[in-house]
**Q** 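Please find one structure pasted underneath; my questions will follow.
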Amino acid sequence: MSIDKKITFLGGGNMAEALIKGLIAAGTAKPDQILVADILSDRLEHLRKTYGIIIHKSSKDAVSQAEIVLLCVKPQAIDMVLTKIGPVADKGKLVISIAAGVTIARLEKILTGGPRVVRVMPNTPALVLAGATALAGGKNATSDDLALAQSIFNSVGRSFVVDEKLMDAVTGLSGSGPAYVFTIIEALADAGVKAGLPRQLALELAAQTVYGAAKMVLETKEHPGKLRDMVTSPGGTTIEGLHALEEGKLRATLMNAVAAATERSRELGK
C-alpha cells in the first residue's frame with residue numbers, strides 16, 4: 001500500500017530511521033514525502049544525506065506540513081512535545097505514537113485539537129525489517145487510519161491490530177521478547193563452546209537455528225508442539241535435551257518473564 005500523504009517524524013532516532021528506511025525501500029513513501037524534526041542537528045543531517053528526506057528544527061513547523069505525524073520520542077519527553085505541536089495537531093492529522101506506556105487517553109487529553117490517534121508498540125527487530133508491531137486506535141481513529149498505520153509498520157515487519165487494554169501484554173511479550181531470545185541465543189552459543197565449537201561458529205549456528213525455527217512456525221502455520229515432535233525421535237538426542245529443559249523449568253521461566261514485564265509496563269503507564 002503506497003501512501004500519498006506527507007509524513008512527519010518527531011524524533012530521528014533508531015526506530016524512526018528504521019521506519020524511514022523501510023518506507024522508502026518498500027515503495028510505501030518517497031523521500032520527498034518524509035519530514036523529520038529533531039533537536040540534534042548532526043542526526044538530522046545524517047538522515048537527510050542518507051535518505052534524501054526533508055529535515056526541520058521546529059517540530060511545530062514539521063507537523064503543520066504533514067497529514068501523518070509519528071511520535072518517535074521518549075515517554076518522558078512526550079508531554080513537552082505534545083504541548084508544542086498542539087496548536088497545529090487538528091482533526092486533519094493522524095498522530096501515531098510509539099512512546100512506550102503512553103496511553104491513548106493521555107495523548108488525546110493533551111492534543112485538544114482532536115486529531116485521530118493510534119498507539120503503537122513496535123520492537124527492535126524493526127531495525128532489520130523483521131519487527132512485530134501492535135496497534136490500537138483512539139476514539140476518532142477510523143479503520144482507514146489503522147490500515148494506513150499498518151502499512152507504515154508492515155514496511156519493517158508485521159503488524160497486528162489489538163485492543164489497547166492488551167498493549168501491556170504486547171509489551172511483555174514482543175516488546176521485551178527480543179531480549180529473552182538474545183539471552184537464549186547467547187546461552188546456546190555458550191553451550192556450543194562448552195561442547196568444543198569455536199565461538200563464532202557456535203554463535204552463528206545458534207542464531208540461524210532460532211531464525212529457522214521461527215520461520216518454520218510462521219510459514220508452516222503448524223503448532224510449535226507439532227514441529228517439535230517432528231524432530232524428537234524416541235530415545236534420541238532431542239528428547240534428552242528437552243528433558244533437561246523441563247528440569248530447568250524453561251517454559252515456566254519464560255512465562256514468568258512475560259508476566260513480570262507485562263506488570264512493569266502497567267506500572268510505567270500509571
Side-chain angles (χ1 to χ4, degrees), residues 1-2 15 18-19 21-23 25-28 96 98 118-137 143-189 203-246 248-259 261-262 265:
M1 175 181 176
S2 61
M15 188 59 71
L19 288 165
K21 178 181 177 181
L23 285 168
T28 305
I96 302 171
I98 67 169
V118 174
R119 178 183 172 187
V120 177
M121 182 66 224
N123 66 3
T124 55
L127 299 174
V128 291
L129 309 183
T133 300
L135 307 93
S143 58
D144 286 343
D145 291 330
L146 286 169
L148 196 155
Q150 278 197 280
S151 71
I152 292 173
F153 287 90
N154 284 344
S155 70
V156 293
R158 299 179 66 190
S159 64
F160 308 86
V161 176
V162 303
D163 290 334
E164 188 184 17
K165 65 183 180 181
L166 298 176
M167 277 296 190
D168 292 318
V170 168
T171 301
L173 176 56
S174 64
S176 301
Y180 315 153
V181 178
F182 296 146
T183 301
I184 290 169
I185 290 172
E186 182 182 37
L188 288 171
L203 182 58
E204 291 189 27
L205 283 171
Q208 182 65 31
T209 298
V210 171
Y211 168 74
K215 192 172 184 181
M216 283 186 73
V217 171
L218 292 173
E219 294 191 2
T220 66
K221 310 295 184 185
E222 296 284 2
H223 190 279
K226 182 175 180 180
L227 295 173
R228 181 192 63 219
D229 288 348
M230 288 169 56
V231 295
T232 307
S233 303
T237 59
T238 304
I239 193 61
E240 287 295 323
L242 289 171
H243 183 223
L245 294 180
E246 291 296 332
K249 299 183 179 179
L250 175 68
R251 286 194 287 186
T253 300
L254 288 173
M255 291 171 71
N256 288 339
V258 173
T262 298
S265 179

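What you see is a predicted model; the values in this text were computed from it and never measured.
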**Q** Around F160, counting heavy atoms of other residues, nucleotides and ligands shown, do more than 12 lie under 6.0 Å from its CZ?
**A**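 Atom CZ in F160 is crowded, with more than 12 foreign heavy atoms closer than 6.0 Å.
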**Q** Side-chain contact, heavy-atom cut-off 4.5 Å: L218 with R158?
**A**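 Contact flag for L218/R158 side chains = yes.
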**Q** Which heavy atom of I152 sits nearest a heavy atom of L23, and at what distance?
**A**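 I152 and L23 have their closest heavy atoms at CA-CD2, 3.9 Å.
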**Q** Show your reasoning for whether side-chain contact (heavy atoms from CB on, under 4.5 Å) applies to T209 and L188.
**A** CA-CA 10 Å; T209 298; L188 288 171; 5.7 Å; no
**Q** Give me the atom names and distance for the closest heavy-atom approach of L127 to A18.
**A**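 Taking L127 first and A18 second, the nearest heavy atoms are CD2-CB, 3.6 Å.
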**Q** Of all the heavy-atom pairs spanning A134 and M167, show the shortest one and how long it is.
**A**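 Taking A134 first and M167 second, the nearest heavy atoms are O-CE, 3.4 Å.
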**Q** Work out which heavy atom in T232 is nearest to a heavy atom in R228; give both atom names and the distance.
**A**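 The pair with the smallest heavy-atom distance is OG1-O, 2.7 Å.
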**Q** Quick check: does any side chain N or O of S265 sit under 3.5 Å from a backbone N or O of A261, one acting as donor and the other as acceptor?
**A**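 It does not hold such a pair.
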**Q** Would you indicate whether the side-chain heavy atoms of F153 and I98 approach each other to under 4.5 Å?
**A**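 Yes, their side chains come closer than 4.5 Å.
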**Q** Looking only at heavy atoms, which two atoms of S233 and I239 are closest? And how far apart?
**A**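 Minimum heavy-atom contact is O-CG2, 4.1 Å.
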**Q** Kindly compute the distance separating CG (N123) from OG (S176), expressed to the nearest 0.5 Å.
**A**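 Those atoms lie 9.5 Å apart.
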**Q** Measuring from L129:CG to N154:CG, what's the distance to the nearest 0.5 Å?
**A**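 Separation between the atoms: 12.0 Å.
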**Q** To the closest 0.5 Å, what do you measure between OG1 (T133) and CE (M121)?
**A**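 Here the interatomic distance stands at 8.5 Å.
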**Q** Could you state the interatomic distance from CE (M230) to OG1 (T238), rounded to the nearest 0.5 Å?
**A**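 Reported to 0.5 Å precision, the distance equals 12.0 Å.
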**Q** Answer yes or no: is there a donor N or O on one side and an acceptor on the other, between the side chain of Q150 and the main chain of S159, under 3.5 Å?
**A**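 Looks like yes, one N/O pair under 3.5 Å.
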**Q** Roughly how far, to the nearest 0.5 Å, is the CD1 atom of I96 from the CG atom of L148?
**A**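 Reported value, rounded in 0.5 Å steps: 6.5 Å.
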**Q** Grab the two heavy atoms, one from A257 and one from Y180, that are nearest each other, plus how far apart they are.
**A**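 Smallest interatomic distance, heavy atoms only, reads O-OH, 3.4 Å.
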**Q** Taking the side chain as every heavy atom from C-beta outward, state whether I184 and L254 have any atom pair closer than 4.5 Å.
**A**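 A side-chain contact exists here, since the closest heavy-atom pair is under 4.5 Å.
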